[in-house]
There are 2 protein chains.
Amino acid sequence: MVVDQLHEDEVSRLFQALADATRRDIVARVLVADHSVSRLAEQYAMSFAAVQKHVAVLERASLVTKEKRGREQIVRGEVDGVQTARRLLDDYERIWRQRVGRIEDILAEDEDRN
Amino acid sequence: MVVDQLHEDEVSRLFQALADATRRDIVARVLVADHSVSRLAEQYAMSFAAVQKHVAVLERASLVTKEKRGREQIVRGEVDGVQTARRLLDDYERIWRQRVGRIEDILAEDEDRN
DNA sequence: GTAACGTACAACCACATGGTTGTAGATCAG
DNA sequence: CTGATCTACAACCATGTGGTTGTACGTTAC
């Protein structure tokens, strides 16, 4: 199971990072194309420092990376982080399906008895 | 895109709910089989009230439902919430792949010129 | 009826989070 | 060199979060 391969804290940081609309929007933007932090900041009705903090949260969650280019800091989306989160949710769905499978087995056994 | 079909707040509540190791463990348990709140509380090194709060967070995020049975409250995992979150991440992956596709197109054009 | 059980909820606390402003250091343009 | 730009970071503030304890109330068992 994918879950076991990760430390719980990393997973928590991942979902925590995704639990904010502004940050999700940033992720969507930088997955499409790289943006400097100040370019990103132009998009939102909040201070540059606030956007800077959001980017930092995303970076700690491995959802984006930053790269210095001259005086700018270029933010790039990291699809690996997104995939990690998606696989975790796949695990939950698999757990659930196994349960449904067991229930159907039980029903099938009842069926046999009739 | 699935993202558009949901209010941002719901999505935030979803990921927020998943951003805690105890809550993720509760989700995993109740996806396998129903548990009463007090049964769940036995599993963790924290008070009953704390577990109760975690369940409430999961309920608001539509990741579990509660059903009264006598004096007990039975918690059941709701796979729909999990699937919603997974589909959102699928959207991000799709966005990213489109970008990669465009980059490859550009590289292909350069190739043509050589 | 009474005691134990399962739950709900309020009050409280420490700390994290999301925002602000302000200051300072690099880097680029002219 | 100077000024504008981009970033980093500290300090601060309001609010949210994750935990606690205490109290109250319906339900079950005896």
Side-chain angles (χ1 to χ4, degrees), chain A residues 7-30 33-77 81, chain B residues 7-30 33-77 81:
Chain A
H7 300 287
E8 291 293 332
D9 288 359
E10 296 179 50
V11 180
S12 295
R13 255 179 284 141
L14 232 180
F15 285 122
Q16 179 67 40
L18 289 167
D20 179 277
T22 303
R23 285 197 293 263
R24 286 194 302 275
D25 194 74
I26 291 175
V27 169
R29 284 180 193 275
V30 299
D34 298 352
H35 287 70
S36 70
V37 179
S38 53
R39 193 83 102 53
L40 281 172
E42 290 169 13
Q43 310 289 332
Y44 308 102
M46 66 183 72
S47 68
F48 172 82
V51 174
Q52 218 177 5
K53 280 191 186 181
H54 281 308
V55 171
V57 170
L58 291 170
E59 199 179 10
R60 260 179 278 130
S62 305
L63 283 166
V64 308
T65 51
K66 282 196 304 185
E67 189 186 344
K68 231 167 292 184
R69 203 173 62 194
R71 66 183 157 186
E72 293 184 323
Q73 196 80 254
I74 306 300
V75 184
R76 162 176 295 115
Chain B
H7 300 288
E8 291 292 333
D9 289 359
E10 296 180 49
V11 180
S12 295
R13 255 179 284 139
L14 231 181
F15 284 122
Q16 179 66 42
L18 290 167
D20 179 278
T22 302
R23 285 197 292 265
R24 285 194 301 275
D25 194 75
I26 290 175
V27 170
R29 284 180 193 274
V30 298
D34 297 352
H35 287 69
S36 69
V37 179
S38 53
R39 192 85 99 55
L40 281 172
E42 291 169 12
Q43 309 290 332
Y44 308 102
M46 66 182 73
S47 68
F48 173 82
V51 174
Q52 219 178 4
K53 281 192 185 179
H54 281 308
V55 171
V57 170
L58 292 170
E59 199 180 11
R60 261 180 279 130
S62 306
L63 283 166
V64 308
T65 52
K66 283 196 303 183
E67 190 186 345
K68 233 168 290 186
R69 203 172 63 194
R71 67 183 157 185
E72 293 184 324
Q73 197 79 255
I74 305 300
V75 184
R76 163 176 296 113

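These numbers come from the heavy atoms of this one structure, side chains and all, not from hydrogens, waters or symmetry mates. These figures come from a predicted structure and were not determined experimentally. Just so we're on the same page: letters track the sequence lines, and every chain starts at 1.
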Check: So does Lys66(B) get a side-chain nitrogen or oxygen closer than 4.0 Å to the phosphate oxygens (OP1/OP2) of dA8(C)?
Finding: yes
Note to self: Salt bridge or not between Asp9(A) and Arg13(A)? Use side-chain N to carboxylate O under 4.0 Å.
What the structure shows: no
Margin query: By the 4.0 Å heavy-atom rule, please label Arg69(A) as base, sugar-phosphate, or nothing.
Written below: nothing
Notebook entry, point to check: For the helix from dG1(C)-dC30(D) to dG30(C)-dC1(D), what angle lies between the axis at the first five pairs and the axis at the last five pairs, to 10 degrees?
Noted result: 30°
Check: Is there a side-chain contact between Val11(B) and Arg24(A) (heavy atoms, below 4.5 Å)?
Finding: yes
Margin query: Between His54(A) and Arg23(A), is the side-chain hydrogen bond (donor to acceptor under 3.5 Å, both in side chains) condition met? List the steps.
Written below: CA-CA 6 Å; His54(A) 281 308; Arg23(A) 285 197 293 263; 3.2 Å; yes
Next item on the list: Using chain B heavy atoms and a threshold of under 4.0 Å, write down where along DNA chain D the contacts begin and end, 5' to 3'.
Entry: dG18(D) to dT28(D)
Notebook entry, point to check: How close or far is atom C1' of dA26(C) from atom CD of Gln73(A), stated in whole angstroms?
Noted result: 12 Å
Next item on the list: Write down the atom of Asp20(A), the atom of Thr22(A), and the distance for their closest heavy-atom approach.
Entry: OD1-N, 2.9 Å
Margin query: How many whole angstroms separate atom CZ of Arg71(B) from atom C1' of dG6(C)?
Written below: 6 Å
Checklist line | Minimum heavy-atom distance Val37(A)-Val51(A), with the two atoms named | finding: O-CG1, 4.3 Å
Check: What's the spacing between Gln73(B) CD and Ser36(B) OG if we round to 0.5 Å?
Finding: 9.5 Å
Check: Roughly how far, to the nearest 0.5 Å, is the CG atom of Leu58(A) from the OG1 atom of Thr65(A)?
Finding: 11.0 Å
Next item on the list: Send over the distance from His35(B) NE2 to dG6(C) P, rounded to a whole Å.
Entry: 14 Å
Note to self: Please report the interatomic distance OH(Tyr44(B)) to CZ(Arg29(B)), rounded to the nearest 0.5 Å.
What the structure shows: 4.5 Å
Check: In whole Å, what is the span from the CD atom of Gln16(B) to the P atom of dA16(C)?
Finding: 15 Å
Item checked: Atom pair CD1/CZ of Ile74(B) and Arg39(B) - distance to nearest 0.5 Å -> 8.5 Å
Item checked: Contacting residues from residues 37-55 of chain B, given that a heavy atom lies under 4.0 angstrom of DNA chain C -> Val37(B), Ser38(B), Phe48(B), Ala49(B), Gln52(B), Lys53(B)
Next item on the list: For Ser36(B), answer base if it contacts any base atom (sugar-phosphate contacts may also be present), sugar-phosphate if it contacts only those atoms, and nothing otherwise; contact means non-hydrogen atoms under 4.0 Å.
Entry: sugar-phosphate
Item checked: For the student: nearest non-hydrogen atoms of Ala17(A) and Ala61(A), plus distance -> CB-CB, 3.6 Å
Margin query: Is the shortest side-chain heavy-atom distance between Arg76(A) and Lys66(A) below 4.5 Å?
Written below: no
